[in-house]
**Q** 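Attaching a single structure in structure tokens format; questions to follow.
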Amino acid sequence: MSTHAKRERLLLADLLESAGPEAATLCESWTARDLAAHVVVRERRADASAGILVKPLAARLERVQAEFAAKPYEELIQLIRTGPPKMSPFALKPIDEASNTVEFYVHAEDVRRAQPDWSPRELDPVFSDALWARLERAARVLGRKAPVGLVLRRPNGQTAVAHRGTPVVTVTGEPGELTLFAFGRQDAADVELDGDKDAVAKVLEAKLGV
């Protein structure tokens with residue numbers, strides 16, 4: 001069975017540890033400490049993590065996440081490394097792989113690319129294909145708020161329609177970069193945009209992602 005999620009989990013923990021708790025991330029105002037708390041709460045506090053998607057529960061999520069952010073940073077890093085408790089659905093490898101591969105990849109890049117000395121990471125073809133497969137399935141959800149038509153395209157010509165409409169903007173890049181773009185990290189993704197100038201500007205300013 002593939003272990004992409006496990007590898008990305010450990011990489012994320014290493015990056016968070018190296019960056020330090022007060023380091024900036026690409027998650028707007030979140031520091032590395034805030035991001036670490038988010039990851040831990042998402043896996044260990046289902047009663048609160050529902051607030052990620054359910055707005056009426058967002059206040060509870062914010063309170064619980066603040067409680068975890070107040071814990072020693074080293075403890076948060078260790079909780080990420082060791083993963084969720086055995087009774088958590090995330091402890092099941094198929095669910096971990098399906099739910100965390102992209103989550104951890106994106107957050108690892110949130111830490112890496114917020115640092116002034118970051119360097120590109122070369123992804124192996126198998127992992128790139130895995131990211132593309134997930135992006136194809138999620139493209140319509142991630143691109144639902146695009147103000148114009150939006151197409152994601154790999155260099156090999158494979159495409160995924162993220163939003164139907166006109167005019168159309170085509171975003172070309174490797175799967176990892178397209179994933180970051182579709183998750184709202186447009187400024188940090190190494191991609192090429194083709195389309196009407198005004199339409200491209202709107203896509204770059206759009207709130208893409210979950």
**Q** Please check if L26 and V203 belong to a single hydrophobic cluster, counting links between Ile, Leu, Val, Met, Phe, Trp and Tyr side chain heavy atoms closer than 4.5 Å.
**A**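 No, because L26 and V203 fall into different hydrophobic clusters, even though each may have its own neighbours under 4.5 Å.
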**Q** Could you pull out the closest heavy-atom pair between R81 and A13, with the gap in Å?
**A**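 What the structure gives for the nearest pair is CG-CB, 3.4 Å.
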**Q** For a 4.5 angstrom cut-off between non-hydrogen side-chain atoms, does T101 reach F127?
**A**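 In contact.
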**Q** Would you verify whether the NZ or CZ of R134 falls within 45 degrees of the ring axis of Y105 while also being under 6.0 Å from that six-membered ring's centre?
**A**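 Judged by the rule, R134 and Y105 form no cation-pi pair.
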**Q** In this structure, would V161 and V148 fall into the same cluster of hydrophobic residues linked by side-chain contacts under 4.5 Å?
**A**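 No; tracing contacts between hydrophobic side chains, which count when under 4.5 Å, never links both residues.
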**Q** Show the numbers, then the answer: is there a side-chain contact (heavy atoms from CB on, under 4.5 Å) between E43 and N100?
**A** CA-CA 10 Å; E43 287 197 313; N100 286 333; 3.2 Å; yes
**Q** If I compare all heavy atoms of R9 with all of G83, which pair ends up nearest, and what's the gap?
**A**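 Heavy atoms only, the tightest pair is NH1-CA, 3.4 Å.
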**Q** Quick check: closest heavy atoms across R33 and L76, and the distance to 0.1 Å?
**A**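 Closest approach of R33 to L76, heavy atoms only: O-CD1, 4.1 Å.
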**Q** Hey, is CD on E28 packed in by over 12 heavy atoms from elsewhere, all under 6.0 Å?
**A**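 No, not enclosed.
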**Q** Run the numbers on V200 and K197 for side-chain contact (heavy atoms from CB on, under 4.5 Å), then give the verdict.
**A** CA-CA 5 Å; V200 167; K197 182 179 179 180; 5.8 Å; no
**Q** With rounding to the nearest 0.5 angstrom, report the CD to CG distance, Q186 to L180.
**A**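 CG of L180 is found 10.5 Å from CD of Q186.
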**Q** Do the side chains of R185 and D110 get close enough for a salt bridge, i.e. N-O under 4.0 angstrom?
**A**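 Answer for the salt bridge query: yes.
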**Q** State plainly whether the residues R153 and D194 are in salt-bridge range, i.e. N to O under 4.0 Å.
**A**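 Result for this pair is no, no salt bridge flagged.
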**Q** With a 4.5 Å cut-off on side-chain heavy-atom distances among I, L, V, M, F, W and Y, is there a chain of contacts connecting L35 to I77?
**A**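 Linked, L35 and I77 end up in one cluster.
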**Q** Could you measure the distance from the CG atom of L16 to the CG atom of L11? Nearest 0.5 Å is fine.
**A**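 Rounded to the nearest 0.5 Å, the CG-CG separation comes to 9.5 Å.
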**Q** For the hydrophobic clusters of this structure (ILVMFWY residues joined by side-chain heavy atoms under 4.5 Å, transitively), does one cluster hold both L10 and L123?
**A**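 Hydrophobic grouping puts L10 apart from L123.
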**Q** Looking at CD of E109 and CG of L12, how far apart are the two atoms once the value is rounded to the nearest 0.5 Å?
**A**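 E109 atom CD to L12 atom CG measures 10.0 Å (nearest 0.5 Å).
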**Q** With a cut-off of 6.0 Å (strictly less than), are more than 12 heavy atoms of other residues, nucleotides or ligands near CD of Q78?
**A**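 Enclosed.
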**Q** Would you say that more than 12 heavy atoms from the other residues, nucleotides or ligands in this model lie under 6.0 Å from the CG of D187, or not?
**A**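 It does not: D187 CG has 12 such atoms or fewer within range.
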**Q** What distance do E17 atom CD and Y73 atom OH have between them, rounded to the nearest 0.5 Å?
**A**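 Going from the CD atom of E17 to the OH atom of Y73 covers 8.0 Å.
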**Q** Could you check whether any side-chain heavy atom of L178 comes within less than 4.5 Å of a side-chain heavy atom of V171, counting everything from C-beta outward?
**A**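 Yes - at least one pair of side-chain heavy atoms lies under 4.5 Å apart.
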**Q** Walk me through whether K93 and K6 qualify under side-chain contact (heavy atoms from CB on, under 4.5 Å).
**A** CA-CA 9 Å; K93 288 184 179 180; K6 182 178 180 180; over 6 Å; no
**Q** Answer yes or no: is there a side-chain heavy-atom contact under 4.5 Å between C27 and H107?
**A**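 The answer is yes, as the side chains (C-beta and beyond) meet within the 4.5 Å cut-off.
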**Q** Closer than 4.0 angstrom, basic N to acidic O: yes or no for R154 and D129?
**A**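 Counted as a salt bridge, because a side-chain N and a carboxylate O are separated by less than 4.0 Å.
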**Q** To the nearest 0.5 angstrom, please state how far the CD atom of E177 sits from the CG atom of L152.
**A**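 Rounded to the nearest 0.5 Å, the CD-CG separation comes out at 12.5 Å.
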**Q** Evaluate the criterion side-chain contact (heavy atoms from CB on, under 4.5 Å) for residue pair W118 and V111; output intermediate values, then yes/no.
**A** CA-CA 9 Å; W118 76 274; V111 178; over 6 Å; no
**Q** Considering only heavy atoms from C-beta outward, does the side chain of R44 approach that of S88 to under 4.5 Å?
**A**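 R44 vs S88: side chains apart.
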**Q** Check whether V168 and L135 end up in the same hydrophobic cluster, where Ile, Leu, Val, Met, Phe, Trp and Tyr are linked by side-chain heavy atoms less than 4.5 Å apart.
**A**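 No, V168 does not connect to L135 through the hydrophobic network.
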**Q** Between atom CZ of R137 and atom CG of L142, what is the distance when rounded to the nearest 0.5 Å?
**A**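 Output value for this atom pair is 12.0 Å.
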**Q** Contact between L204 and F181 at the side-chain level, heavy atoms closer than 4.5 Å - yes or no?
**A**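 In short, these two side chains touch, coming nearer than 4.5 Å.
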**Q** Return the minimal non-hydrogen interatomic distance between R42 and S99, and the atom names on each side.
**A**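 That closest heavy-atom pairing would be NH2-O, 2.9 Å.
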**Q** Side-chain donor-acceptor pair under 3.5 Å between E8 and H4, yes or no?
**A**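 On atom types as modelled, these side chains do not qualify, holding no pair under 3.5 Å.
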**Q** What heavy-atom pair brings E174 and P155 nearest, and what distance separates the two atoms?
**A**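 Looking at all heavy atoms of both residues, the shortest contact is OE2-CG, 3.4 Å.
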**Q** For Q65 versus A37, what's the shortest heavy-atom pair and its separation?
**A**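 Smallest heavy-atom distance, with atoms named: O-CB, 3.7 Å.
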